[in-house]
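Down below is the structure, laid out as structure tokens.
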Amino acid sequence: MKLEELLKSEVIAAINKLYSANIDASIIKIDKTPPEFEGEFTVVTFPFAKVSKKSPDATAIELGNALLQSSNIILKFNVVKGFLNISFKDAYWIDVLINIPVKNYANLNATGKKIVIEYGGPNTNKPLHLGHVRTMLIGYATANILEAAGNEVHKVNILNDRGIAICKSMVAYLRTGNDKTPQLENIKGDHFVGNYYVEYQKIFEQEVGVLAMEGIATEEAEKKAPIYIETVEMLQKWEAHDPEVLALWEKMNNWVYEGFNETYKKLGVDFEKEYKESDYYLKGKESVIDGLNKNVFFKKEDGSVWVDLTSDGLDQKVLLRADGTSVYITQDMGVAEERYKDFAMDKSIYVVANEQDYHFKVLKLVMQKLGEPYADGIFHLSYGMVDLPEGKMKSREGTVVDADDLIDVMITDAKEFLEASEKKIDIPENEKDNLYRQIGLSALKYFILKVDPKKRILFNPKESIDLHGNTGPFIQYTYARIQSIFRKLDETGFQPKDTTFNTLLSDEKELIVLLDHYPDIIKFAAENYSPAEVANYIYHLAKTFNKFYAGHSITKAESEEKLHLRVAIAYRVANVFRHGLGLLGIECPERM
RNA sequence: GGUCCGGUAGCUCAGUUGAAUAGAGCAACAGCCUUCUAAGCUGUGGGUCAUUGGUUUGAAUCCAAUCCGGAUCACCA
């Protein structure tokens, strides 16, 4: 953005000289010139018409001439309907190009800020699904982007490991499990435990059906089903620290964690620390009592503790039940407190679906009322739900897209595509599986990350994700083409060097202008917590490079100087692909 | 009902601190491989930016109202 700042100050000076008027930098609007017009940057001159007392066109021409006089990097300008399009000298852009570092480009200066970002948040009674995949991909990519933008970032997970749900799996296992284990059955641990959750539902419905035939109303039957009663008892025993129940709970949760870890690894996400709800759900109580003492919470006659948020436009919320046990928000208070002890963060980002918008508003307000130092830094990165063609995913109806299945399908599809293509990929047999994995995952990750997190996603499992157009594989492919050029050049003993380039074609200049933007894109993506910004930029860069590639040869450039110029461009474009895709958690195959 | 989020091409999405003729991809059609990887490139067709009104030199973008979709408003998590 250096150039735009420079241009702004020149505009201010020129307006002052021309019209003896002082204008504020904030009214100057400088855009990237759209491709259909000549120039690289455009100054919008409508706001100056007031001080020039002339038409925007006349003002633009006078301003353009003044800038041409005062600046030594402006080559020429043209005016269209009040828009002043400015072209800079090729020498300027070549200077920009060679000053783009080939290493650590777009790693911005340290901000000194510490950020904790939470994503994942699985329940331990069943395997991960597409919704978790979206959280994890958004969380992981956002963490990378924030880090590149100069922040100290800590990635954490929260495991919802207690409560009625896991007890359902436990009860069903006791009834029908016969001491089986995931190892014996050769099933991934989380799926193994999830199967008993499904089993619970089956038994439950059966028992409710039997009671219904005895003439009991459904609502009542659901509470009288023997397996439900057993589950409630199980939960009570868990809360009473019954050793047998605790042992079973731990055993089954550990199976689940083994399964989860496998999925994290496949997906390429990781965590610095995992918080278990069971470790902290009691700790939130201390904060609640603290709030009572500070008079920011109040106690009702029955002993339950509440916070009144009506003056903030919300309702009254319960923080502690009448029997003194915690509710959902109590444990989030406890975890937040613990997290601050661990990291003393300036900002806490929670990557959680938008169905919890209300919850996080409450959490932030409650922490602010308690005067916690990290309260203002709480930010809910709210993402839209993932829909299927037939509507919302529903575990009860079995329409949930399983994370492991999805990853496998993507990789298999990539494999089938490559095997069916006539192209001979010149890679060793033992590296092929890795390539299929890289491509399949890239299709999945890019598909999810290119969409603004706020928006809902429509996912159609029947149409396997595309590998053409605005996709991850398209960008990988563009990268691989560049690498192929470099391999060819290496064979000829080519040595890159800085020659004195003269002129630029518009396709070349366009690439340099785009490369110059990259650090600003990172900054913008970090400020907006939006991996989609990075994805869209990289796609645009790939598209622009392919246009250039189709029109001009690098290895057979018109001259030695052009060869070196184009190598310098291509090398930096490839670096940005690797860096940008890396932020999204996507790998770059050297050939494909 | 209150609150929040969304509605842009047949489909999936960009564009929303106001700015030129609203852009991509997919799908359809027509071209381009003796030349660095055709997963590519070029072109054609496709739009009441949900609707109406307002602010402005200028509105997909800001404001108001309405319609449609979703979420949420539990001593569930």
Side-chain angles (χ1 to χ4, degrees), chain A residues 26 29 31 33-37 42 44-47 49-50 55-56 80-83 85 121 123 160 162-165 277 300 302-306 313-315 317-329 331-332 353-359 361-362 382 384-385 387 391-392 414 417-418 421-426 439 443 447 450-452 454-460 463 466-478 480-489 532-533 535-536 539-540 542-543 545-557 566 570 591-592:
Chain A
S26 62
K29 186 161 168 64
D31 291 329
T33 306
E36 61 267 33
F37 300 100
T42 295
V44 184
T45 61
F46 292 91
K50 277 179 193 144
S55 71
V80 183
K81 291 187 201 166
F83 294 90
N85 301 319
N123 297 324
N160 303 306
R162 67 174 195 108
I164 194 86
E277 185 188 297
K300 285 197 179 174
D302 63 0
S304 58
V305 180
W306 294 70
L314 306 181
D315 305 303
K317 290 289 295 182
V318 68
L319 300 174
L320 220 50
R321 291 192 185 102
D323 63 6
T325 56
S326 352
V327 291
Y328 181 48
I329 194 154
Q331 78 209 8
D332 261 350
N354 61 13
E355 60 188 352
Q356 296 199 34
D357 285 356
Y358 188 83
H359 169 73
K361 267 187 202 161
V362 173
S382 163
M385 313 287 281
D387 283 327
K392 217 183 146 177
F417 176 84
L418 263 80
S421 82
E422 291 160 20
K423 238 190 322 184
K424 280 168 267 168
I425 317 151
D426 146 38
I439 294 172
F447 177 82
K450 76 174 174 184
V451 182
D452 185 311
K454 280 200 297 289
K455 294 216 175 181
R456 306 173 70 90
I457 280 188
L458 183 76
F459 183 82
N460 191 343
E463 293 169 17
D466 220 314
L467 307 174
H468 304 266
N470 190 358
T471 65
F474 167 75
I475 298 163
Q476 289 176 314
Y477 175 71
T478 310
R481 279 172 137 188
I482 297 175
Q483 297 314 310
S484 172
I485 293 169
F486 290 148
R487 280 192 299 274
K488 287 257 156 61
L489 284 171
E533 294 292 339
N536 287 324
Y539 171 66
H540 187 49
K543 190 103 187 85
F545 183 83
N546 278 320
K547 194 174 97 189
F548 163 78
Y549 179 95
H552 313 282
S553 175
I554 293 174
T555 56
K556 291 181 183 142
R566 288 177 185 167
R591 50 191 102 203
M592 64 187 277

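A note on names: the letters A, B, ... follow the listed sequences, proteins ahead of strands, and every chain is numbered from 1. In this text, all values refer to a predicted model and were calculated from it rather than measured experimentally.
Nucleotide C11(B) forms a pair with G25(B), judged by Watson-Crick or G-U wobble geometry with both contacts under 3.5 Å.
Aromatic stacking is marked for Phe46(A) over A19(B), as both cut-offs hold: 5.5 Å for the centres and 30° for the planes. By the 5.5 Å and 30° criteria, Phe417(A) is not stacked with the base of A39(B). For the pair Tyr539(A) and A24(B), the ring geometry does not qualify as stacking, because the centroid separation below 5.5 Å and plane angle under 30° are not jointly satisfied. The ring of Tyr549(A) lies on top of the base of C36(B), close enough and flat enough: under 5.5 Å between centres, under 30° between planes.
Glu277(A) comes within contact range of the sugar-phosphate backbone alone, with a heavy-atom separation under 4.0 Å but no base atom that close. At the heavy-atom level, Ser382(A) lies nowhere under 4.0 Å from the strands shown. If you check every strand for non-hydrogen atoms under 4.0 Å, Phe83(A) touches a base. Using a 4.0 Å heavy-atom criterion, one finds that Phe474(A) contacts the sugar-phosphate atoms exclusively.
Phosphate proximity of U37(B) to Lys488(A): present, with a side-chain N or O under 4.0 Å from OP1 or OP2. Residue Arg481(A) places none of its side-chain N or O atoms closer than 4.0 Å to OP1 or OP2 of C41(B).
Look at the C1' atom in both A71(B) and U55(B): the space between them is 32 Å, to the nearest Å.
For A20(B), the base has a donor-acceptor partner in the side chain of Asn85(A) [N/O atoms by modelled type, under 3.5 angstrom]. Contact annotation: side chain of Ser304(A) to base of C75(B), donor-acceptor pair present below 3.5 Å. At a cut-off of 3.5 angstrom, counting only N and O atoms as typed in the model, there is no donor on one side facing an acceptor on the other between the side-chain of Thr42(A) and the base of A19(B).
Listed by chain and residue number, Asp387(A) satisfy the side chain to side chain donor-acceptor pair (under 3.5 Å) test with Arg456(A) (two or more places apart in sequence, or in another chain).
Taking the side chain of Lys81(A) as heavy atoms from C-beta on, and the options U21(B), C41(B), U37(B), the nearest nucleotide is U21(B).
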